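Could you have a look at this structure, given as structure tokens, before my questions?
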Amino acid sequence: MKTKIFASLCVAAGLLLTACDKQKSGDKAVASDNTEKTEAAAPNTAAAPTEAAPTTTSTTTSADLKGIPSIRSAWAGKPIKVNGGATPGIKEFAMAFCQAYPQFDTNIAVKNYLSGATTQTSVVDAEYSPRNGYIHYRVCPTEYCDYADMCYWNRKNGHKLFAAFIKEEYESQDPDLLVAFYDYDPSTDMMTPEPALTTMVEQRASSYDTYEVVLPKEGKDIVLTVYTVDKENDSATGKDLKLRWNGTAFD
């Protein structure tokens, strides 16, 4: 996307902070192709016809992918162990997710932020609220923005639903993003992927050019902000679609 679209999406996203169900403790906020060419056939001779050498083509595997694409290729089949003691909260869920997927640089930054091993700069916008159960982390140098927003909900069956929205956005290309959902079972301390919820979000946004997943800062509903891009006029128009929490998932 061009600069104006990039800027408008960054501004829109910057106003939206994530949230989820409540865990009672203090708030803390910081502003802060390997394609080989086919060998040419040998010249024809009277003695025998010549066969062309076989063509070798390259294929992309999950091991070739980096960043968010590599996470997208793997996450739905990979449960994650949570190390949080008797009552893990958003910090423990986020740390487990970031530990599992360090190939997205902002996950490393979030892990360091939560462990107190980083110093915030003017290009970072970060919020962490144990009480509200959410984390928002955004870094925006001059030519890109990276996002990592995370939260959880309490489910009716005693489990928890954890969500992580990660995004890489550049001036000169379309953004890359993923929203991943997990069911946390307190009896096993495992987060199990729920790709059906991700598919639901992607289907609702499929008729638009791009989207943002706004995890709830207040309340329990998700806002899906979808954008239609007018490349000719270098602009984008957005609207909000609400995904309503029903105690287990979203309607």
Side-chain angles (χ1 to χ4, degrees), residues 13 15-29 71-72 75-76 78-101 107 110-111 113-114 126-138 147-167 177-205 211-226 240-251:
L15 297 174
L16 302 168
L17 299 177
T18 57
C20 67
D21 261 343
K22 323 300 178 192
Q23 183 172 328
K24 305 299 183 181
S25 57
D27 285 359
K28 175 182 177 183
I71 300 173
R72 185 184 301 109
W75 80 273
K78 181 179 177 179
I80 299 174
K81 178 71 174 181
V82 177
N83 297 312
T87 56
I90 188 57
K91 178 178 180 179
E92 290 74 26
F93 299 145
M95 292 285 279
F97 179 80
C98 293
Q99 178 79 23
Y101 297 111
N107 280 353
V110 170
K111 184 181 175 182
Y113 167 57
L114 293 174
E127 284 196 48
Y128 164 47
S129 174
R131 181 174 64 86
N132 289 334
Y134 86 97
I135 295 166
H136 166 78
Y137 195 98
R138 182 177 62 153
Y147 305 77
D149 294 348
M150 305 173 193
C151 74
Y152 76 91
W153 296 256
N154 293 315
R155 286 180 144 169
K156 293 177 180 179
N157 64 354
H159 291 206
K160 299 182 188 297
L161 179 69
F162 169 77
F165 175 64
I166 55 177
K167 181 177 181 179
L177 51 84
L178 171 68
V179 58
F181 293 91
Y182 294 82
D183 174 79
Y184 171 72
D185 184 345
S187 69
T188 62
D189 283 330
M190 296 296 295
M191 296 198 308
T192 302
E194 291 203 1
L197 289 176
T198 296
T199 298
M200 180 267 291
V201 171
E202 293 174 344
Q203 287 177 340
R204 294 200 184 185
Y211 64 91
E212 298 274 357
V213 175
V214 185
L215 303 175
K217 181 179 181 180
E218 299 293 340
K220 302 178 181 180
D221 301 333
I222 287 175
V223 175
L224 177 60
T225 303
V226 293
D240 293 340
L241 308 176
K242 185 165 286 189
L243 309 180
R244 299 187 182 278
W245 176 248
N246 61 20
T248 300
F250 301 93
D251 298 322

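Everything numeric in this text was worked out from a predicted model, so none of it was measured.
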Exercise for the section: Please answer whether the main-chain N or O of Lys220 pairs with a side-chain N or O of Trp153 as donor and acceptor at a distance below 3.5 Å. Expected result: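 Yes, the answer is positive, given that a donor and an acceptor are paired below the 3.5 Å cut-off.
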Problem - Closest heavy-atom pair and its distance - Phe162, Cys151 - result: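 Between these two residues, the closest heavy atoms are CD1-O, 3.3 Å.
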Problem - Stepwise side-chain contact (heavy atoms from CB on, under 4.5 Å) test for Tyr211 and Glu202 - result: CA-CA 9 Å; Tyr211 64 91; Glu202 293 174 344; 3.7 Å; yes
Problem - Electrostatic pair Glu212-Arg138, nearest N-O below 4.0 angstrom - result: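 No.
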Practice task
May I have the step-by-step check of side-chain contact (heavy atoms from CB on, under 4.5 Å) for Ile90 and Asn132, ending in yes or no?
Solution key: CA-CA 9 Å; Ile90 188 57; Asn132 289 334; over 6 Å; no
Problem - Over-ring placement of Lys167 relative to Tyr147, 6.0 Å and 45° cut-offs - result: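 Yes, a cation-pi geometry.
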Exercise for the section: Using the side-chain contact (heavy atoms from CB on, under 4.5 Å) rule, take Val213 and Val201 through it: C-alpha gap first, then chi angles, then the decisive distance, then the call. Expected result: CA-CA 9 Å; Val213 175; Val201 171; 4.0 Å; yes
Practice task
Please work out whether the ring planes of Phe181 and Phe250 are parallel, tilted or perpendicular, with thresholds of 30° and 60°.
Solution key: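 The arrangement is tilted - the two ring planes meet at 30° to 60°.
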Problem - Polar side-chain atom of Asp183 near backbone of Leu161 as donor-acceptor pair, under 3.5 Å - result: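 Side chain of Asp183 to backbone of Leu161, a donor-acceptor pair under 3.5 Å: no, none is there.
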Problem - Pro88 to Lys160 - nearest heavy-atom pair and separation - result: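 For Pro88 and Lys160, the tightest heavy-atom pair comes out as O-CE, 4.3 Å.
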Exercise for the section: Give a yes or no on whether the backbone of Met200 and the side-chain of Gln203 come within a donor-acceptor separation of less than 3.5 Å. Expected result: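 Checked: no pair found.
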Problem - Exceeds 12 heavy-atom contacts within 6.0 angstrom, atom NZ of Lys81 - result: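 Count over threshold, so yes.
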Practice task
Establish, from distance only, whether the side-chain atoms of Tyr134 and Glu127 form a donor-acceptor pair under 3.5 Å.
Solution key: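 The answer is yes; a qualifying pair exists.
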Problem - Qualifying residue, where the test is side-chain contact (heavy atoms from CB on, under 4.5 Å) with Ile166 and the options are Val110, Leu178, Asp149 - result: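 Only one of Val110, Leu178, Asp149 forms a side-chain contact (heavy atoms from CB on, under 4.5 Å) with Ile166, namely Leu178.
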Practice task
Carefully, step by step, assess Met150 and Tyr137 under the rule side-chain contact (heavy atoms from CB on, under 4.5 Å).
Solution key: CA-CA 9 Å; Met150 305 173 193; Tyr137 195 98; over 6 Å; no
Exercise for the section: Calculate, to the nearest 0.5 Å, the distance between atoms CD1 and OG belonging to Ile135 and Ser129 respectively. Expected result: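 If we round to the nearest 0.5 Å, Ile135:CD1 and Ser129:OG are 9.5 Å apart.
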Exercise for the section: Spell out, as yes or no, whether a donor-acceptor pair under 3.5 Å connects the side chain of Asp240 to the backbone of Thr225. Expected result: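 Not at all, since once roles are kept as given, no pair shorter than 3.5 Å links the two residues.
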Handout entry: Salt-bridge present (Arg244, Asp251; N to O < 4.0 Å)
Key =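 No salt bridge links Arg244 with Asp251.
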Problem - Validation row, ring centre Phe97 to ring centre Phe93 under 6.0 Å - result: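 Distance test on ring centres: not under 6.0 Å, no.
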Handout entry: Which residues share a salt bridge (charged side-chain N to carboxylate O under 4.0 Å, His left out) with Arg204, sequence neighbours left out
Key =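 Arg204 satisfies salt bridge (charged side-chain N to carboxylate O under 4.0 Å, His left out) with no other residue.
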Exercise for the section: Mark yes when over 12 heavy atoms from residues, nucleotides or ligands other than Glu194 sit less than 6.0 Å from its CD; otherwise mark no. Expected result: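 For Glu194, atom CD is crowded (more than 12 foreign heavy atoms under 6.0 Å).
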Practice task
Compute the centroid of each ring, for Tyr184 and then for Tyr152, and state whether the two points are separated by less than 6.0 Å.
Solution key: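 Ring centres of Tyr152 and Tyr184 not closer than 6.0 Å.
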